[in-house]
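The next block holds one structure in the form of C-alpha cells; read it before the comments.
We name chains A, B, ... by the order of the sequence lines, and we start the count at 1 in each one.
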Amino acid sequence: MSLSSFLPIQCQGITSLPAGQLPHYAVDGQTPQAAVRPANCQQAASVLQWAAAEKLSVMPWGGGTQMSLGNSPSRYDLALDLRGMNHLLDFQPNDLTCTVEAGMTLAGLQAALAQGGKFLPLEAPLAERATIGGVLAAGASGPLRFAFGLPRDWLIGIGVVSGQGVMTRAGGKVVKNVTGYDLNKLYTGSLGTLGVIVEATFKLSPLPAAFGALLARFDSMGQAVTAGQALCAQVFAPQGLQVIAVGQISGDKSPLTSLYERGEGLTPPLQRGVGGIYAIAFFAGRPSAVKRRLEDSARFLPERGAKDLERLEEAPARDLLHQLTDLGWSSESAPKLGLKISVPPSAVGQVVAMLEKSPLYESAVAGIIADAGFGTVRLLRWGEEIPPWPKGGEKDSLMQAIAALRAQVRALGGAVVVEQCPLEWKSQLDVWDDAPQGLEIMRRLKQKFDPQSILNPGRFLGRL
Amino acid sequence: MESTRVNENFLNELRAIVGAEYVISHPADLLVYEYDGSIDMRLPQAVVLPASTQEVSQVMALAHRYGVPLAGRGSGTGLSGGAIAPPGGMQIAFTRMNRILGVDTVNRTATVEPGVINLDLDLHANKFGLRYAPDPSSQKACSLGGNIAENAGGPHCLAYGATTNHVLGLEVVLEDGAVVNLGNLAREAPGYDLRGVFVGSEGTFGVATKIVVRLLPLPETVKTFLGIFPDIDSACTAVSAIIGYGIVPAALEMIDALSIRAVQNVMDAGYPLDAGAVLLVELEGLKEEVSETSQEVEAALWEAGAAQVRVAEAAQERARLWLGRKNAFGAFGSIAPNYFLVDGVVPRTRLTEVLQRVSEVSQKYGMPIANVFHAGDGNLHPIMLYDGREPGAHEKALAAGGEILRVCVEFGGTLSGEHGIGLEKKEYMPLVYTEADLAAMQRVRDAFAPSGRLNPGKIFPDGQPPHKPPPQRAAPGMVA
Ligand SMILES: Cc1cc2nc3c(=O)[nH]c(=O)nc-3n(C[C@H](O)[C@H](O)[C@H](O)COP(=O)(O)OP(=O)(O)OC[C@H]3O[C@@H](n4cnc5c(N)ncnc54)[C@H](O)[C@@H]3O)c2cc1C
C-alpha cells in the first residue's frame, strides 16, 4: 500500500493531498511520498504520532518561502502543510496581544491587526505567503530589526507538536511571564527540528501612524557603513538602516537595479544609479517623531559624505521596505548564491570590505545589503549568463572564497550561512557554517524532543 | 541532621581551589545564607565564594565528583526561594565576581561578571550616554546573575522588555565544570537559542560566569506623571485608556490606598492619605513625541477621574514622584511585621475585575492586602500583611496568596511575571501547564544538566511543601 493511501486510515479524518500536488512540496530535488494538510492541532498531532510510529520523516510546510534554507534533508517522506490552520484565534487590541494558528500568513495577520490599530513589529520576506510558523521556525526578520528586534522578542506563547506527536504549550497570553522555562526562545529559529509550531501568541505594538524613508547615495561602501552606524547611535536614529551596493554590473540585469527603478519616478537618484551605493534609512512611528528623525537624519548624513538625498513618505516608503525585505526571496530576484553573514555591528565595515574584494562579489552581478546597525550582511549573487552557473572551474574558486570568508568572519565572532546555492553544492558544504559552542547540548535537545529524528532530519545546523 | 555529601574531604578540596577564607562551613557563619527575599529558608552545608570562571569550573567539577547538589547565589533578593540551598547542598555565591569587564560603545554592549549589581551597571553605562534598561525595584541590591536566572523585570520593562530581551551572550559553567559560551554578539548567528532558554532557568541549567548585555542610548526627554485617583477602579481605567490611545509608556506603575498609607507612614512622598490609588506614568523619547503623548496621557488621567495630576521633567523632580514607589516595600513594616508578596500576571484589560477579586480574598481571610505593581503589563504584586507571631497567620497568608494565583489564572493570566517559580510556586504549575508541557520543560533541563543536581526541588511540582520558616522571624523587607 502506498503511503498516501495508508494515511487516511491511520489519521482520522485527514485526507492526503492528491499525488499531483506532491511536486509542489519538493525540497532540494526530493519529492515526498505524501502530503497532508491538517485542519487543527489535534489532526497535526495524530499525523505526527503516526509518523513517529512508522519512523517517517516529516517536513512541516508553511508558505514554502524559505524551503531552500538548510542542508538537504537526509530523508523526506511526508509534507505536513500547515496552511489549513490559518485562523486568528484571539486578538485583544487593548491588551496588545494576539494568538494565531501557525498557518496564517504574516500579511494576513498584519491586515487583521491593523483593523484594531495594532501591528506585529516583524518583517519577513514574502509576507503574503510566509506563514507565522515558518517565520518563527526560520527566525526570519527584515530591515527594521534594528529597532524592533527579532521574532524571539515578540513571541510570548507557543503551541508545538513534538516529534512524538505530543502537543505542548509554553509561555502564555500575558506580556510578562517567567512561569517555567522560556521555550518560546528554543523553538524560534530551530527550523522545525524540535517540534512543529502550530500556534503562537505575540505581544503587539500600536500601528505606527507614519512611515518614511531616506535614501542617500555614497561614494564608497565603507563611508556609507560608517555614516549609517553613526546615525544609528543618535537619538534621532531611524528604525532600520540598510546600506546597499550593486556590483559592477552591466546594464539592467541585476534585480537590485529593478528595485531601484520601481516606484515610477519616485526615486530619481536611484533611477540614475545603475550600480551605486546607498544608505536607506526607514522611519516608523508618530508623525512628529518620523518627521524629526527624517529631518535630523537628512542633515546628519551629508556631513558624513552622503550625496543626493531622497525622501520617501508613506506608500512609496513602505513599498521600498517590502521590496528590500523580499529581495533575494521573490522568484524574480532569487539569486544563484545568497549568503547571510551575521557579525557584531562593529564588524560590518570589515565584512563589507572583505566582500568587495571577494570573487563572490567582484565583477559579478551581485549586491550587498548590510544592516549597519544590527550586524546582518547579505550577499546576493545572480547568474550573469545562461546556465549552468557557475562554469567549470569557477565553482571551486567560489567555494574557496566562501571558506575563506567564513574563516575571516569567524575571527570577527560571526557566522556565514549559505541561504541559497546550487543544489550540488550542498553535498560539499555545510550551509550553516561551523557549529557554535553548545552543539552537544543542542544534540541532546534534538534527541529528547525528536528521538526518532523525523522532523526535518539533516537540514539544520550540525545536521541535527 | 540532613544527610549530605559535603564532608571534610570535600571542604578541603574546595579550600584548595578558592582558598580557605572563601569557604564558609561553620553553622553560625552560614546563617546569613539561610534565606533569600522569600519566606522559605534552609541552612546550606557550605558556601563557596569563587573569584573567577576557572575557580567556578573547578568547584562545579568537584561538586559533580562528590554528587553535591547546589544553588547559585547572587544577592539573595530573590522572592521565590531560588537561591535557597537544596537539601544537603551548598551555595556558590558570586559576591566576589563583581567586575564590570567592559563597555563597548560601538556595539552598545557591556560585559559583566555575575555578581555585578544591576544599578551599578546602569550607572556605569550612563557615563557613556547609555543605560541598562531592565530595572527591578531591587536594583540597588540584586545581581545580574540573579537577574539572568529569574529573567527579572522592572518598571521600565513595559517599553523595553525584560532581561531576556537584553542579554546577548553568556559564559556558562555546566554541572560537570565544562565552560561554554551561549549566544553571540552576532545576533542572527544560527543554532538553537540556548542563551534565550537559559535566561529564566532559575539556576537549574548551569551557572553564568560572564554576561554580555545590550545597552540602550539614554532618551532625549523623560517626563513623569503622577495621577492621584479617588479609587483604584478609576486608576485602572486610566491604564486602559493610555494603552488605548496607542501609547506604550516607558513605565506605568500603580500604588493602592493601603500602600499609600504605608509609604506616608515612613516618609512624605506627597501622596494624599485619602487617595484611592496613585498612578505613575513615565514617557521617554524624542521631545516632539513626548510632548504629544504627554497631552494624551494627561487627558487620559483626567478623563479617568484623576483628582490631581503632577508632572515633572527635571531628574530631581522626577525622582521625587518616584520616591514613594521605590520605597514602598520597605514601608510595609510600618503596618505589619511580615509581608508575603505574590507576583501574578493578568491581561491588563482585566485589572479592575482582578483587583476586585483580590480585595474579596482580603476580606475572606481578614488580612490586609496591599497592591504596588507594574500596572502597564498587568503584573500584580498583592502583598499580604500579617504578624507571623500569630498562630496560623503565616499559613493564612500563603493560602490567600494561592487563591490570588488561581484568580490570575482564571482571568487568562499566569503565576509569575518576574520573580520566578522556585520553591514558592512549584505546586501551582499544574494550574497553567499540562503534564506534557512540564515534561517538555524537564527535557530541556535534562539536556543542560542531566544529573538534576543544579537547584533541585524547584520549579517542578514534586509534592514536597516548601520549607516552613520559623514563624518568629520577620521576612526581610528591604528598602529598594
Ligand atoms: C524589595 C524587592 C523588590 C523587587 N523587585 C523586583 C522587580 O521589580 N522585578 C523583578 O524581576 N524582581 C524583583 N525582585 C526580586 C529579585 O530582586 C530578583 O529576582 C533578582 O533578579 C534576584 O537577584 P539576586 O542577585 O538577588 O539573586 P538571588 O536571589 O541570589 O538568586 C536568584 C536566582 O538566581 C540564581 N543565580 C544567582 N546567580 C546566578 C548565576 N551567576 N548563574 C546562574 N544562576 C544564578 C540563584 O540560584 C537563584 O535561583 C525584588 C526583590 C525585592 C526584595
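Both the sub-6.0 Å distance and the 45° axial angle are not jointly satisfied by A/R169 relative to the ring of B/Y433.
With a 4.5 angstrom heavy-atom cutoff, A/L464 touches chain B only via side-chain atoms. Neither the backbone nor the side chain of B/E435 comes within contact range of chain A, judged by heavy atoms closer than 4.5 Å. For a residue to count as touching a neighbouring chain, one of its non-hydrogen atoms must lie under 4.5 Å from one of that chain's; by this rule A/F460 touches chain B with the side chain only. For A/R145, the part lying near chain B is the side chain, with the backbone staying farther off; criterion is any non-hydrogen pair under 4.5 Å. For chain A, the nearby part of B/Y245 is the backbone; its heavy atoms alone come within less than 4.5 Å. For B/N184, the part sitting under 4.5 Å from any heavy atom of chain A is the side chain, from C-beta outward, and nothing else. In this structure, chain A has a heavy atom under 4.5 Å from the backbone of B/V346, while its side chain stays farther away. In this structure, the portion of B/L218 lying under 4.5 Å from any heavy atom of chain A is its backbone and not its side chain. Neither the backbone nor the side chain of A/S205 comes within contact range of chain B; no heavy atom of the residue lies under 4.5 Å from a heavy atom of that chain. With a 4.5 angstrom heavy-atom cutoff, B/M441 touches chain A via backbone and side-chain atoms both. Contacts between A/I441 and chain B at a heavy-atom distance below 4.5 Å involve backbone atoms as well as side-chain atoms. At a 4.5 Å heavy-atom cutoff, the contact between A/P345 and chain B is made by backbone and side-chain atoms alike.
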Q.
Determine whether A/T179 and A/N177 satisfy the following criterion, side chain to side chain donor-acceptor pair (under 3.5 Å), listing intermediate values before the conclusion.
A. CA-CA 6 Å; A/T179 310; A/N177 192 345; 2.9 Å; yes
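Chosen from B/G420, B/G129, B/A440, the residue pairing most often with chain A at heavy-atom distances under 4.5 Å is B/A440. When the candidates A/G414, A/A347, A/P206, A/A237 are compared by the number of heavy-atom contacts under 4.5 Å with chain B, A/P206 comes out ahead. Contact tally against chain A (heavy-atom pairs below 4.5 Å) for B/K287, B/H419, B/R348, B/E289: the top residue is B/R348. Contact count against chain A (heavy-atom pairs under 4.5 Å) is highest for B/R108 among B/H374, B/R350, B/R108. Top candidate by heavy-atom pairs under 4.5 Å with chain A, chosen from B/S201, B/G246, B/S416, is B/S416. In terms of heavy-atom pairs under 4.5 Å with chain A, the best-connected choice from B/L168, B/V432, B/V106, B/V180 is B/V180. Contact count versus chain A (heavy atoms, under 4.5 Å) is highest, among B/L415, B/N181, B/I421, for B/N181.
Between the side chains of A/D430 and A/N71, at least one donor N or O lies within less than 3.5 Å of an accepting N or O. Inspection of the B/T349 and A/N94 side chains reveals no N or O donor paired with an N or O acceptor under 3.5 Å. Side chains of B/T164 and B/N151: no donor on one and acceptor on the other come within 3.5 Å.
Using the six-membered ring where Trp is involved, B/F205 and B/F448 have ring planes that are parallel, under 30° apart on the 30 and 60° scheme.
Annotation: ring-ring contact (aromatic ring centres under 6.0 Å, His included) contacts of B/Y428 (sequence neighbours excluded): none.
Of all residues in residues 190-197 of chain B, those placing a non-hydrogen atom less than 4.5 angstrom from a non-hydrogen atom of chain A are B/P190, B/G191, B/Y192, B/D193, B/L194, B/R195, B/G196, B/V197. Within residues 283-291 of chain A, the residues having any heavy atom less than 4.5 Å from a heavy atom of chain B are, in residue-number order, A/R286, A/S288, A/A289. Of all residues in residues 156-166 of chain A, those placing a non-hydrogen atom less than 4.5 angstrom from a non-hydrogen atom of chain B are A/V166.
For A/S342 (side chain) and B/E188 (main-chain N/O), a donor-acceptor pair under 3.5 Å exists by modelled atom type.
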